[in-house]
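Read through the structure below, which is laid out as structure tokens, and then see the notes.
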Amino acid sequence: MLILGLESSCDETGVALIDSELGLLSHAIHTQIDMHRLYGGVVPELASRDHIRRVIPLMQQVLEEAGKTKEEIDAIAVTEGPGLAGALLVGVSVAHALGLALDVPVIGVHHMEGHLLANLLADPAPEFPFMALLVSGGHTQIMKVNGFGSYELLGETLDDAVGEAFDKTAQLLGMAYPGGPAVSALADKGKTGAVELPRPMIHSPNLDMSFSGLKTAVLTAVTNAEDPNDETFRQNLARGFVDAVVDVLAHKVIKAMKAHKMKTLVIAGGVSANKQLRERLVSETKKRGMKVFFPPLKLCTDNGAMIAIAGLTRLRHMNAEQIREHYQNMKFNVRPRWRLKEATGDWE
Ligand code: KG4
Ligand code: ZN
């Protein structure tokens with residue numbers, strides 16, 4: 001079975017083709033980062049217009065690379081939410097138009113479920129049940145995943161997402177949007193302990209987190225610095241920030257695993273590409289006889305392959321009647337705000 005995956009929820013147009021037996025055949029991403037950088041963040045209207053320009057050529061590119069024609073597509077998976085409404089509409093409109101033309105089912109996918117299930121494209125892939133840490137530009141959640149579509153939210157950030165904190169720190173350090181990878185690289189050169197930053201809520205009795213205070217602490221450190229442009233200071237501050245973030249995430253997720261007696265941890269979302277987080281979670285899990293899984297590096301940030309694998313997984317769990325409902329759907333929808341636990345309907 002050949003699945004086309006389309007992602008257009010934010011500032012990346014992602015398209016991929018997955019064969020249900022062979023795995024990922026081809027994938028292509030166009031990132032709008034250079035366009036939005038001028039404004040210091042994503043401009044929704046510009047994002048939608050750029051998705052329109054990119055999506056068809058990218059689709060042609062992945063078909064060509066996989067040696068397939070569009071007539072060979074058996075199903076289409078598309079990000080239905082959460083995200084920017086106009087941006088989502090581009091992917092969803094293209095998916096449904098193509099679905100109607102080819103007479104194939106169109107499966108709406110929750111963006112975070114895509115991130116989570118991107119791990120199924122890793123070798124080896126994790127097995128259910130597992131604890132999941134979802135860390136992206138918009139989400140920071142600890143979730144108990146009992147099986148496909150069975151997601152229990154155990155804790156989340158009460159304010160900023162981790163990716164957002166990375167991006168704001170990058171901005172304060174004078175680096176371009178989105179600054180996650182740049183802050184990580186700078187931190188690599190810094191000294192642990194040279195700049196101590198707070199670890200908000202690390203000892204709170206629940207599994208919730210908070211990152212906005214950390215951002216304020218970075219701002220205060222920059223404001224009070226003798227020379228905020230001094231390279232050693234910038235490196236040490238980046239190190240202090242990354243150490244604080246990684247400490248909080250590692251502490252909370254290990255606490256969740258112990259409390260729920262889980263042995264497998266799965267990391268998902270853009271920040272799962274972070275080197276320091278990966279290293280720390282590998283060592284923390286190893287010393288406790290636990291295992292940790294990360295998505296393949298190229299599939300950590302937004303992409304079409306994660307949407308295709310999530311759509312395929314959904315399809316595999318539907319009965320014939322449920323699948324029929326996904327053909328010739330003229331009432332297609334986008335869900336800019338959508339909680340993952342509300343996205344489980346088709347699975348039950
Ligand atoms: O999942 P994603 O591509 O988009 C959302 O769904 O939000 O995540 C993007 C976020 C950005 O905030 C970016 O700075 C962060 O992931 N990110 C990183 C790294 N790579 C991407 N943060 C820290 N270290 C990285 N290596
Ligand atoms: Zn994402």
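Note that the numbering runs from 1 along the sequence shown for the chain.
Pairing each heavy atom of Ala16 with each of Ala305, the nearest pair is CB-N, 3.3 Å. Taking each heavy atom of Gln322 and His326 in turn, the nearest pair found is O-ND1, 2.8 Å. The minimum heavy-atom distance between Met35 and Leu46, with the atom names listed, is CE-O, 3.5 Å. Across Glu21 and Asp19, no two heavy atoms sit closer than the pair N-OD1, 2.7 Å. Shown here for Ala132 and Leu116, the closest heavy-atom pair between the two residues is CB-CD1, 3.5 Å. In plain terms, the two heavy atoms of Val248 and Arg199 that are nearest each other are CG2-CB, 3.8 Å.
Remark: side-chain polar atoms of Asn303 are paired, donor with acceptor, to backbone N or O of Thr301 under 3.5 angstrom. Arg316 contributes a side-chain N or O that, together with a main-chain N or O of Ser20, makes up a donor-acceptor pair within less than 3.5 Å. Listed for the Ser136 side chain is no donor-acceptor partner under 3.5 Å among the backbone atoms of Gly269. With Thr140 contributing its side chain and Ala161 its backbone, the two residues share no donor-acceptor pair below 3.5 Å. His110 contributes a side-chain N or O that, together with a main-chain N or O of Trp338, makes up a donor-acceptor pair within less than 3.5 Å.
Looking at Thr69 and Glu72, their side chains do bring a donor and an acceptor atom within 3.5 Å of each other. Residues Asp103 and Gln328 bring a donor and an acceptor atom of their side chains to less than 3.5 Å of each other. A donor and an acceptor atom, one from each side chain of Glu152 and Asn146, are located under 3.5 Å apart. Under the 3.5 Å distance criterion, with hydrogens and angles disregarded, a donor-acceptor pair is assigned to the side chains of Ser204 and Lys252. Side-chain atoms of Glu64 and Gln60 include no donor-acceptor pair closer than 3.5 Å. Glu7 and His111 are linked by a side-chain donor-acceptor pair at a separation below 3.5 angstrom, with hydrogens and angles left out of the test.
Note on Leu63 and Ile309: separate hydrophobic clusters, where clusters join Ile, Leu, Val, Met, Phe, Trp and Tyr whose side-chain heavy atoms are under 4.5 Å apart, directly or indirectly. Using a 4.5 Å cut-off between side-chain heavy atoms of Ile, Leu, Val, Met, Phe, Trp and Tyr, with links allowed through other members, Leu100 and Leu2 fall into different hydrophobic clusters. There is a path of hydrophobic side-chain contacts, each under 4.5 Å, that joins Leu98 to Leu58.
From Ser48, atom OG reaches atom CD of Gln32 across 8.5 Å, with rounding to the nearest 0.5 Å. A distance of 9.5 Å separates CG in Leu172 from OG1 in Thr216, rounded to the nearest 0.5 Å. Here the straight-line distance linking atom CD of Glu80 with atom CG of Asn333 works out to 6.0 Å at 0.5 Å rounding. In this structure, CD on Glu231 lies 10.0 Å from CG on Asn236, to the nearest 0.5 angstrom. Atoms CD and CG, on Glu279 and Asn274 in that order, are 9.0 Å from each other to the nearest 0.5 Å. Interatomic distance, CE of Met318 versus CZ of Arg324, reported as 13.0 Å (0.5 Å rounding).
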> Under the side-chain contact (heavy atoms from CB on, under 4.5 Å) criterion, do Arg239 and Phe241 qualify, and how do the steps go?
Replying inline: CA-CA 5 Å; Arg239 182 82 229 180; Phe241 167 79; over 6 Å; no
>> Leu121 vs Ile18, test: side-chain contact (heavy atoms from CB on, under 4.5 Å). Steps then yes/no.
In response: CA-CA 10 Å; Leu121 290 167; Ile18 282 189; 3.9 Å; yes
> Are Tyr39 and Tyr177 close enough, and set up right, to give a ring pair (Phe, Tyr, Trp, His ring centres under 6.0 Å), and what steps lead you there?
Replying inline: CA-CA 9 Å; Tyr39 308 94; Tyr177 167 86; over 10 Å; no
> Can Met59 and Leu6 be said to form a side-chain contact (heavy atoms from CB on, under 4.5 Å), step by step?
Replying inline: CA-CA 9 Å; Met59 219 156 69; Leu6 298 176; 4.2 Å; yes
> Does the side-chain contact (heavy atoms from CB on, under 4.5 Å) test come out yes or no for Met306 and Leu117, once each step is laid out?
Replying inline: CA-CA 6 Å; Met306 70 186 202; Leu117 298 183; over 6 Å; no
>> Applying side-chain hydrogen bond (donor to acceptor under 3.5 Å, both in side chains) to Thr192 and Asp243, what does each step give before you reach the verdict?
In response: CA-CA 7 Å; Thr192 287; Asp243 284 346; 2.9 Å; yes
> Under the side-chain hydrogen bond (donor to acceptor under 3.5 Å, both in side chains) criterion, do His30 and Thr13 qualify, and how do the steps go?
Replying inline: CA-CA 5 Å; His30 174 77; Thr13 322; over 6 Å; no
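Taking the six-membered ring wherever Trp is involved, the centroid distance between the rings of His203 and His251 falls below 6.0 Å.
Among Thr157, Leu277, Asp167, Val135, the one residue that satisfies the side-chain contact (heavy atoms from CB on, under 4.5 Å) test with Val162 is Val135.
A salt bridge links Arg280 to Asp247: at least one charged side-chain nitrogen sits closer than 4.0 Å to a carboxylate oxygen. Contact check on Arg234 versus Asp230 returns no salt bridge, with no Lys/Arg side-chain nitrogen under 4.0 Å from an Asp/Glu carboxylate oxygen.
The environment of CZ in Arg339 is sparse: at most 12 heavy-atom neighbours from other residues, nucleotides or ligands sit within 6.0 Å. Within 6.0 Å of NZ on Lys291 lie no more than 12 heavy atoms contributed by other residues, nucleotides or ligands. Sparse packing is recorded around CD of Glu127, with 12 or fewer heavy atoms of other residues, nucleotides or ligands lying under 6.0 Å away.
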Return all side-chain donor-acceptor pairs below 3.5 angstrom for residues 257-266, not counting sequence neighbours, or 'none' if the list is empty.
none

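Annotation: side chain of Asp50 is not in contact with side chain of Asp11 (no heavy-atom distance under 4.5 Å).
Residues that satisfy the side-chain contact (heavy atoms from CB on, under 4.5 Å) test with Asp208, not counting sequence neighbours, are Glu156, Leu158, Met201, Asn206.
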